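Heads up, the thing below is written out as structure tokens.
It should be emphasised that the depicted structure is a prediction, and the values quoted were computed from it without experimental measurement.
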Amino acid sequence: MKSISKLHDGGGLYLWVHPDGKKYWRLRYKVDGKEKSLSLGVYPHTGLGAARARRDEAQRQRAAGTDPAVQRKAEKREKLLATENTFEAVAWEWFNTKTAKWVAGHTSDMRNRIKNDLLPILGSHRIDKIAPSDLRAVIAKMEARGAYDLCRRVLQMATQVFRYGMATEKCSSDPTVGLNKMLTKQKGRNMPSLPESELPGLLKAIAGYGADTGEQQTRIGLQLLATTFVRTSELINATWDEFDMAAALWTIPETRMKMRRAHLVPLSRQALALLEELRLLSGYSRYILPGRNAVKTMSNNTLLFALYRMGYKARMSGHGFRSVASTILNESGQWSRDAVELQLAHAERDKTRAAYNKAQRIEERKRMMQWWADYLDGLQAQSNAG
């Protein structure tokens with residue numbers, strides 16, 4: 001049986017010949033009196049001249065006090081970091097740790113922000129080499145197209161990516177620190193919402209909507225939006241199996257909620273009556289507000305455009321019902337702030353407080369939602385009388 005043989009060239013360089021005929025260049029050298037060897041390539045892919053050049057480079061490293069094997073490992077690590085430690089790789093790694101907690105719409109928004117706003121400038125950069133100036137380029141590009149509000153949210157997301165990188169030892173600092181101060185300030189733009197004085201007229205207009213066009217589903221959808229003050233998307237995508245009519249309770253599952261927590265909506269007598277009307281109109285659809293194709297919901301813009309046609313463009317929106325309900329309920333002095341905030345499905349930062357509220361406030365919320373529906377009836381009656 002043949003054994004491995006060595007063909008020496010000089011200066012520690014030799015060709016290691018295996019029994020199967022394969023040949024490998026290696027270099028023998030010493031570090032602190034300990035003998036080591038270094039691979040320099042495979043013959044004939046690496047010829048004698050190339051092998052000698054690599055030997056000479058290794059000898060120069062030894063003369064400078066560097067171990068060639070240690071240097072090679074460092075170079076390999078740098079190459080690995082250049083390909084696997086890019087901002088893009090870390091951003092998607094962070095993204096994948098979050099998606100289980102996000103609803104589909106938010107997941108899509110975050111994915112688009114990474115792809116469209118961060119990756120074009122930062123994607124190929126090593127995350128540990130990104131400087132504040134690189135982030136400033138992202139900000140400048142977004143503000144140039146007028147995306148001021150989005151720019152702030154994208155910068156916040158970039159901060160989370162860098163903090164994840166620090167936690168996973170992919171970078172040692174967060175270059176977004178302090179950059180929020182250089183963002184262009186923009187006046188806050190609230191969703192259009194009517195003052196209370198104009199609410200009776202709106203309710204009267206909604207009650208008469210569709211009488212001559214047969215758009216009864218749209219009319220009921222707007223009335224439910226006013227009565228329950230949920231988000232438009234939460235109403236549009238509601239399915240019949242979410243409603244317990246006997247218990248007068250609508251449970252919106254966590255998969256459809258912005259904060260990824262199930263939301264309880266106590267149903268007033270008026271809301272229950274509206275739902276019974278819808279049941280007759282929705283046919284066999286699983287959705288309470290189906291579109292022309294019963295297997296799909298009505299368009300997200302249907303209710304908004306109905307408000308436009310009634311003359312409320314730029315004056316009222318679906319979200320406006322939430323704003324006006326919040327204002328009136330809080331100013332009435334009859335309901336706790338916690339009950340109002342819970343019914344609006346706003347986030348509760350204190351988890352212990354949130355758990356307490358969820359358990360203790362449902363009865364108050366039931367009374368509040370009935371009071372609100374009765375209040376709206378009173379406003380509409382006031383308008384009809386006028």
Side-chain angles (χ1 to χ4, degrees), residues 1-99 111 114-115 118-135 137-138 158 160-176:
M1 183 176 181
K2 294 183 178 180
S3 59
I4 295 176
S5 60
K6 298 180 181 179
L7 302 177
H8 294 273
D9 179 69
L13 177 65
Y14 62 92
L15 188 66
W16 203 357
V17 183
H18 284 231
D20 59 5
K22 293 180 180 179
K23 304 176 180 67
Y24 304 88
W25 292 111
R26 298 194 70 83
L27 175 67
R28 185 177 60 192
Y29 65 99
K30 289 185 178 181
V31 175
D32 297 329
K34 182 179 178 181
E35 188 170 294
K36 302 183 71 173
S37 66
L38 183 70
S39 174
L40 298 181
V42 180
Y43 182 86
H45 179 72
T46 301
L48 177 60
R52 286 174 173 172
R54 293 175 183 177
R55 174 199 61 195
D56 295 343
E57 175 60 26
Q59 288 177 338
R60 283 192 289 272
Q61 291 174 357
R62 285 296 304 118
T66 301
D67 184 339
V70 173
Q71 177 67 22
R72 177 175 293 180
K73 286 181 180 179
E75 290 172 355
K76 284 184 177 180
R77 184 176 183 277
E78 285 297 307
K79 289 181 180 179
L80 184 66
L81 290 176
T83 57
E84 296 187 5
N85 211 37
T86 62
F87 180 86
E88 178 173 9
V90 179
W92 289 129
E93 188 176 322
W94 166 81
F95 175 84
N96 290 331
T97 67
K98 298 293 184 180
T99 52
R111 181 186 295 110
I114 292 174
K115 289 174 60 177
L118 291 174
L119 295 191
I121 293 177
L122 305 178
S124 62
H125 289 48
R126 271 181 48 176
I127 193 169
D128 58 339
K129 300 295 184 181
I130 292 176
S133 58
D134 299 312
L135 272 301
V138 173
Q160 293 184 56
V161 173
F162 282 108
R163 288 179 179 176
Y164 173 82
M166 292 168 67
T168 54
E169 299 184 348
K170 293 177 171 63
C171 61
S172 58
S173 63
D174 172 14
T176 68

Over all atoms of both residues, closest heavy-atom pair of [X] and [Y]:
{"X": "Ala158", "Y": "Leu135", "answer": "CB-CD1, 4.3 Å"}
{"X": "His125", "Y": "Ile130", "answer": "CB-CG1, 3.6 Å"}
{"X": "Lys170", "Y": "Val90", "answer": "CD-CG2, 3.5 Å"}
{"X": "Arg55", "Y": "Leu27", "answer": "CG-CD1, 3.6 Å"}
{"X": "Trp25", "Y": "Thr46", "answer": "NE1-O, 2.7 Å"}
{"X": "Thr86", "Y": "Ser124", "answer": "CG2-O, 3.9 Å"}

Distance from [X] atom [atom1] to [Y] atom [atom2], nearest 0.5 Å?
{"X": "Phe87", "Y": "Ile121", "atom1": "CZ", "atom2": "CD1", "value": "11.0 Å"}
{"X": "Lys115", "Y": "Phe95", "atom1": "NZ", "atom2": "CZ", "value": "10.0 Å"}
{"X": "Asp128", "Y": "Glu169", "atom1": "CG", "atom2": "CD", "value": "12.5 Å"}
{"X": "Leu122", "Y": "Ile127", "atom1": "CG", "atom2": "CD1", "value": "9.0 Å"}
{"X": "Leu119", "Y": "Glu88", "atom1": "CG", "atom2": "CD", "value": "5.0 Å"}

- Asp134 side-chain N/O to Ala131 backbone N/O, donor-acceptor pair under 3.5 Å: yes
- Query: Salt bridge or not for Glu57 and Arg60, using N-O below 4.0 Å?
  - Reply: yes
- Message: Taking salt bridge (Lys or Arg N to Asp or Glu O under 4.0 Å) as the definition, give me every residue that meets it alongside Arg52, ordered by chain and number, with sequence neighbours left out.
- Response: Asp9
- Task: Report the residues that fulfil side chain to side chain contact (heavy atoms under 4.5 Å, CB included) with Thr97, sequence neighbours left out, ordered by chain and then residue number.
- Result: Trp94, Tyr164
- Message: Does atom NE2 (His45) have a neighbourhood of more than 12 heavy atoms from anything else shown, all under 6.0 Å?
- Response: no
Name every donor-acceptor pair, under 3.5 Å, that has one atom in a side chain of residues 35-44 and the other anywhere in the protein, sequence neighbours excluded.
residue	atom	partner	partner atom	Å
Lys36	NZ	Asp67	OD2	2.6
Ser37	OG	Arg26	NH2	3.0

